[in-house]
There are 2 protein chains.
Amino acid sequence: MNIGQASSASGVSAKMIRYYESIGLFRPPSRTDSNYRVYGADEVHVLRFIKRARTLGFSVEETATLLSLWEDKSRASAEVKDIATRHISALETKISELQGMVNTLKHLAHCCGGDNRPDCPILDDLAGETIATKGH
Amino acid sequence: MNIGQASSASGVSAKMIRYYESIGLFRPPSRTDSNYRVYGADEVHVLRFIKRARTLGFSVEETATLLSLWEDKSRASAEVKDIATRHISALETKISELQGMVNTLKHLAHCCGGDNRPDCPILDDLAGETIATKGH
DNA sequence: ATAGACCTTCCAACAATGGGAAGGTCAAGG
DNA sequence: CCTTGACCTTCCCATTGTTGGAAGGTCTAT
């Protein structure tokens, strides 16, 4: 299996496979005589693990930790749960920040006529002029 | 007012003021004989506008558009509302992505003992092994 | 005069990914 | 045998927004 096949089998682009290798997340595979990378089912399995962790929003660094815990058969699940729990908190913080932005913008957009007149509460807010209607 | 004072008055770091200037978001101010940037109340007002837009999650590019609409006294509020509405959609998409991650992770963390035993549904999921209990 | 708190420009780094150039390799078909 | 096209290799650059630092100039107060 060369890098292209490993890529389609894992869903990780060839570019990213090389990148993960270069930063030490992914062990360098053996090479053919002509210097092509050669992968087997095990490597694809690891790539899929990485892919899934990234899809769940873990950073590359967190993914590296999870990977080493995965490969350590005697690790305690507490450590993994801890990483996951902290990650959940970080995601929830991010979500409420975004939700705050949405709430403010929805309020502003609701107050904005969206017509051809130049009166625009959105711009007024951005410019620091407070709007009267705050309730809702 | 030099850059440091404009920075504390606006909440935008001196670094970022220079950066915004360099990318054309913010008009270059006049300089003293000794080449120091000089700002007035108007500039601080613009910086605050920028700061607020960035806080609301608008990209620098969107901020530039909003800024030009703000400075164009005859613009239609429809255009602003359109930008805001599209931005709201983008934020909501992002939120539901993150929420999906949280849901999955919470389910996995809930199934994970978090003890000293190596059985860990989180790692099993990352590794591609499906868990039996899907309900919740 | 000198210290220290400013300012200036320029360069690099972060995270994670994509794009592309320049060149080597392999398999199929003429 | 040779060409063509689809691979592969390494290397560098761009992105987005922000921060850090170095090397040097300026201003203010003692």
Side-chain angles (χ1 to χ4, degrees), chain A residues 1-26 28-40 43-44 47-67 87 90-91 94 97-98 101, chain B residues 1-26 28-40 43-44 46-67 87 90-91 93-94 97-98 101:
Chain A
M1 240 192 198
N2 58 28
I3 203 172
Q5 295 167 305
S7 169
S8 12
S10 66
V12 180
S13 74
K15 278 278 194 200
M16 290 314 295
I17 295 177
R18 294 193 196 96
Y19 172 69
Y20 290 151
E21 183 185 322
S22 80
I23 61 171
L25 177 62
F26 188 59
S30 54
R31 305 275 188 134
T32 66
D33 289 349
S34 52
N35 207 30
Y36 282 23
R37 287 171 179 83
V38 181
Y39 300 96
E43 274 96 347
V44 170
L47 285 173
R48 271 207 269 245
F49 182 103
I50 293 172
K51 174 76 178 176
R52 178 91 175 114
R54 301 283 304 117
T55 301
L56 286 172
F58 288 100
S59 70
V60 166
E61 199 172 359
E62 287 167 325
T63 303
T65 306
L66 291 171
L67 204 45
H87 185 49
L91 290 176
K94 189 76 192 164
E97 281 173 20
L98 294 177
M101 297 176 191
Chain B
M1 240 194 206
N2 58 29
I3 203 171
Q5 295 166 306
S7 169
S8 13
S10 66
V12 180
S13 74
K15 280 278 193 198
M16 290 313 295
I17 294 177
R18 294 194 196 97
Y19 172 69
Y20 290 150
E21 183 186 321
S22 81
I23 62 171
L25 177 62
F26 189 59
S30 53
R31 304 275 187 135
T32 65
D33 288 349
S34 52
N35 207 30
Y36 282 22
R37 287 172 179 83
V38 182
Y39 300 96
E43 274 97 346
V44 170
V46 172
L47 284 173
R48 271 208 267 245
F49 182 102
I50 292 172
K51 173 79 177 176
R52 178 93 174 109
R54 301 281 304 118
T55 301
L56 286 172
F58 288 101
S59 70
V60 166
E61 198 172 358
E62 287 167 326
T63 303
T65 306
L66 291 172
L67 204 45
H87 186 49
L91 290 176
T93 300
K94 189 75 193 165
E97 280 173 19
L98 294 177
M101 295 177 194

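Not measured: the values here are computed from a predicted model.
- Listed in residue order, the members of residues 58-65 of chain B having a heavy atom less than 4.0 Å from DNA chain D are B:S59, B:V60.
- The nearest pair of heavy atoms linking A:M1 to A:A9 is CE-CB, 4.0 Å.
- Counting heavy atoms from C-beta outward, A:R52 and A:L56 have side chains that approach closer than 4.5 Å.
- One finds no side-chain N or O of B:Y19 lying less than 4.0 angstrom from the OP1 or OP2 phosphate oxygen of D:dT16.
- Rounded to a whole Å, the CD atom of A:Q5 is 12 Å from the C1' atom of D:dA6.
- Annotation: side chain of A:Y39 is not in contact with side chain of A:Q5 (no heavy-atom distance under 4.5 Å).
- In this structure, A:S7 OG and A:M16 CE are separated by 11.0 Å, a value rounded to the nearest 0.5 Å.
- You'll find the side chain of A:S10 reaches within 4.5 Å of the side chain of A:V44, heavy atoms only.
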Between the protein and nucleotides 1-5 of chain D, which nitrogen or oxygen pairs are less than 3.5 angstrom apart?
none

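- Residues B:V38 and B:S30 are in side-chain contact: their nearest non-hydrogen atoms beyond the backbone lie under 4.5 Å apart.
- Annotation for A:M101 and B:T55: closest pair CE-O, 3.3 Å, computed over non-hydrogen atoms.
- With sequence neighbours left out, A:E21 forms a side chain to side chain donor-acceptor pair (under 3.5 Å) with A:R37.
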Close N/O contacts between protein and nucleotides 26-30 of chain D (under 3.5 Å):
unit_1 : atom_1 : unit_2 : atom_2 : d
D:dT26 : O4'    : B:Y36  : OH     : 3.3
D:dC27 : OP1    : B:S34  : OG     : 2.8

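- B:F26 has its CZ atom 17 Å from the C1' atom of D:dT18, to the nearest Å.
- Along DNA chain C, read 5' to 3', the first and last nucleotides having any atom under 4.0 Å from a heavy atom of chain A are C:dA16 to C:dC26.
- Enclosure of atom CD in A:E97 by more than 12 non-hydrogen atoms of other residues, nucleotides or ligands within 6.0 angstrom is indicated.
- If you check residues 10-18 of chain A against DNA chain D, the residues with a heavy atom closer than 4.0 Å are A:K15, A:R18, listed by number.
- Looking at heavy atoms from C-beta onward, A:F58 lies out of side-chain contact with A:T65 at the 4.5 angstrom threshold.
- Between A:L25 and A:L67 the shortest heavy-atom distance is O-CD2, 3.6 Å.
- Nearest heavy-atom pair, A:T63 versus A:R54, reported as atom, atom and distance to 0.1 Å: OG1-CD, 3.9 Å.
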Exercise. Between A:I3 and A:Y36, does a side chain to side chain contact (heavy atoms under 4.5 Å, CB included) hold up when you go through it step by step?
Worked result: CA-CA 8 Å; A:I3 203 172; A:Y36 282 23; over 6 Å; no
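- Of all heavy-atom pairs spanning B:P29 and B:E43, the tightest one is CB-OE2, 4.4 Å.
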